[in-house]
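Just below is one structure, and these are the notes that go with it.
Note that the numbering runs from 1 along the sequence shown for the chain. Remember, predicted model here, so these are calculated numbers, not experimental data.
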Amino acid sequence: MQKYSEMNRDQLLVLRKELEQQYADIKAQGLALDMSRGKPAADQLDLSMDMMDVLGSNTDLKCETGVDCRNYGVIDGIPEAKRLLGEISEVDPEHIIIYGNSSLNVMFDTVARSFTHGVMGNTPWCKLDKVKFLCPVPGYDRHFKVTEFFGIEMINVPMSPEGPDMDMVEKLVSEDPAIKGIWCVPKYSNPQGYTYSEETVKRFARLKPAAPDFRIYWDNAYSVHHLYDEPEKQDFLLEILEECAKAGNPDIVYKFTSTSKISFPGSGIAAVAASKANLDDFRKYMTVQTIGHDKLNQLRHVRFFKNLDGIHAHMSKHAAILRPKFEMVEKTLEAELGGLGIGEWTTPKGGYFISFDSMEGCAKKIVAMAKEAGVVMTGAGATYPYGKDPKDSNIRIAPSFPTTEDLEKAAQVFVVCVKLASVEKLLAD
């Protein structure tokens, strides 16, 4: 296929006319499709419905230590929940705290507490002139919203298939004590689906930050979210806490996880794995904040999944639903856009997103055109701090929520919008 950039003006004008007709035909269909968020589809939620029958009025509701899960108490999680989430997080139960339903909530609280009370005895951030965070880009929009909410200055760090630019991370962190953290989605990253290399993880563990209260916010949201069952088709991520301990940096990382896209989003279990010193610091505020999280939900999850083998078996069912959707979108992108020189995209082995990079200056236009044609996508720029993509090129594709039939329609709408926006860009230039 001829690259659009190699076409002369007359060829582009003819092509634009054809694409405008295709776009008009699409708009006439009156579509109303949503690819804006990485939400599990209804058939994925159905996979966990038997969990609702695990606890009943005649069920023994005591955890393994004999605590009545209906009552107050056990501030940091019942032992069997620590064991299960510990297996998911690849840490011992003593290195994990179980929270409520949302890991994002825990991240927000952690930043807020750092502002009001500081980290492990260090100066509260609210008393500092400047607080900064490193933000691998493109990245997770909700992470960036948290730091923006607190007025933290965010610094873009470019991503590659190996992870963040570690030369840049090491330099900035070692030189500037105002840098207090970095957001990371280390496995099947949002939105690119990249997994940090072993060398990247080891370099994170060996960081020498100028700030004693610098922390890596390691959001391992997709630790077991493979699209393929074969081990050779799954990404491997080195365990960060162990590497930090080896490097003499045991306190440098907070490792967040949840079952939100394993069981029910909004009704799962969240957890933080960290060093003993960090967890002791967390428990100080927890004793004031709560008398305990939802132990019945913890018990429900443990009795349904039982162990890590149960989690993997369940995630294989999720993969069977998600895999055809991802493959269909990737096949459509390749068939319609391959070789045209107007876009590049990732082909992840897990997670919930495909990252698409258009020609510079086209992303907002593509997303706006798609919306006008009846397909809602994540806002262009959302994958960058402050919603500002300097190249206006990155678009996050979320294939999970629509039905396969609707997704196929949405993918066709998307490629027509990419083609038309690209032709108009070339004609304008």
Test item: [X] and [Y] side chains (from C-beta on) under 4.5 Å apart, heavy atoms:
| X | Y | answer |
| --- | --- | --- |
| H314 | F304 | yes |
| R206 | N249 | no |
| I269 | N297 | yes |
| F282 | R113 | yes |
| P385 | N156 | yes |

Does the distance from a Lys or Arg side-chain N to an Asp or Glu carboxylate O, for [X] and [Y], drop under 4.0 Å?
| X | Y | result |
| --- | --- | --- |
| E243 | K246 | yes |
| D141 | R396 | yes |
| E94 | K276 | no |
| E230 | K349 | no |
| K295 | D68 | no |

Give a yes or no on whether the backbone of [Y] and the side-chain of [X] come within a donor-acceptor separation of less than 3.5 Å.
| X | Y | value |
| --- | --- | --- |
| K255 | I96 | no |
| T259 | G268 | no |
| S103 | F256 | no |
| K364 | S393 | no |

Are F144 and F133 close enough that their ring centers fall under 6.0 Å?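 No.
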
Is the Y188 to F353 ring centre distance short of 6.0 Å?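 Centroid separation for Y188 and F353: 6.0 Å or greater.
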
Could you walk me through whether W125 and F150 pass the ring-ring contact (aromatic ring centres under 6.0 Å, His included) check? CA-CA 10 Å; W125 295 355; F150 286 96; 8.7 Å; no

Side chains of N190 and R142 only: does a donor on one sit below 3.5 Å from an acceptor on the other?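 The criterion, which ignores hydrogens and geometry beyond distance, is not satisfied for R142 and N190.
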
Looking only at side chains, do S267 and N101 share a donor and an acceptor under 3.5 Å apart?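 Note: S267 and N101 side chains miss the donor-acceptor criterion.
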
W183 vs H143 aromatic rings, parallel, tilted or perpendicular, using cut-offs 30° and 60°?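 Geometry flag for H143 against W183: parallel rings.
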
How are the rings of Y196 and F204 set relative to one another: parallel (under 30°), tilted (30 to 60°) or perpendicular (over 60°)?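 Judged by the thresholds at 30° and 60°, the geometry between Y196 and F204 is parallel.
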
Sequence neighbours excluded, every pair satisfying salt bridge (charged side-chain N to carboxylate O under 4.0 Å, His left out) that has a member inside residues 171-184: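 Only K132-D176, K171-E175, K180-D213 qualify under salt bridge (charged side-chain N to carboxylate O under 4.0 Å, His left out).
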
With sequence neighbours excluded, residues passing side-chain contact (heavy atoms from CB on, under 4.5 Å) with E334: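 Residues passing side-chain contact (heavy atoms from CB on, under 4.5 Å) with E334: W345.
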
Considering non-hydrogen atoms only, spot the tightest contact between S355 and N394 and give its length.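 Result for this residue pair: OG-ND2, 2.8 Å.
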
What pairs with K187 under side-chain hydrogen bond (donor to acceptor under 3.5 Å, both in side chains), at least two apart in sequence or on another chain?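 side-chain hydrogen bond (donor to acceptor under 3.5 Å, both in side chains) list for K187, sorted by chain: empty.
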
For atom CD of Q289, is the number of surrounding heavy atoms from other residues, nucleotides or ligands below 6.0 Å larger than 12?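 For Q289, atom CD is crowded (more than 12 foreign heavy atoms under 6.0 Å).
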
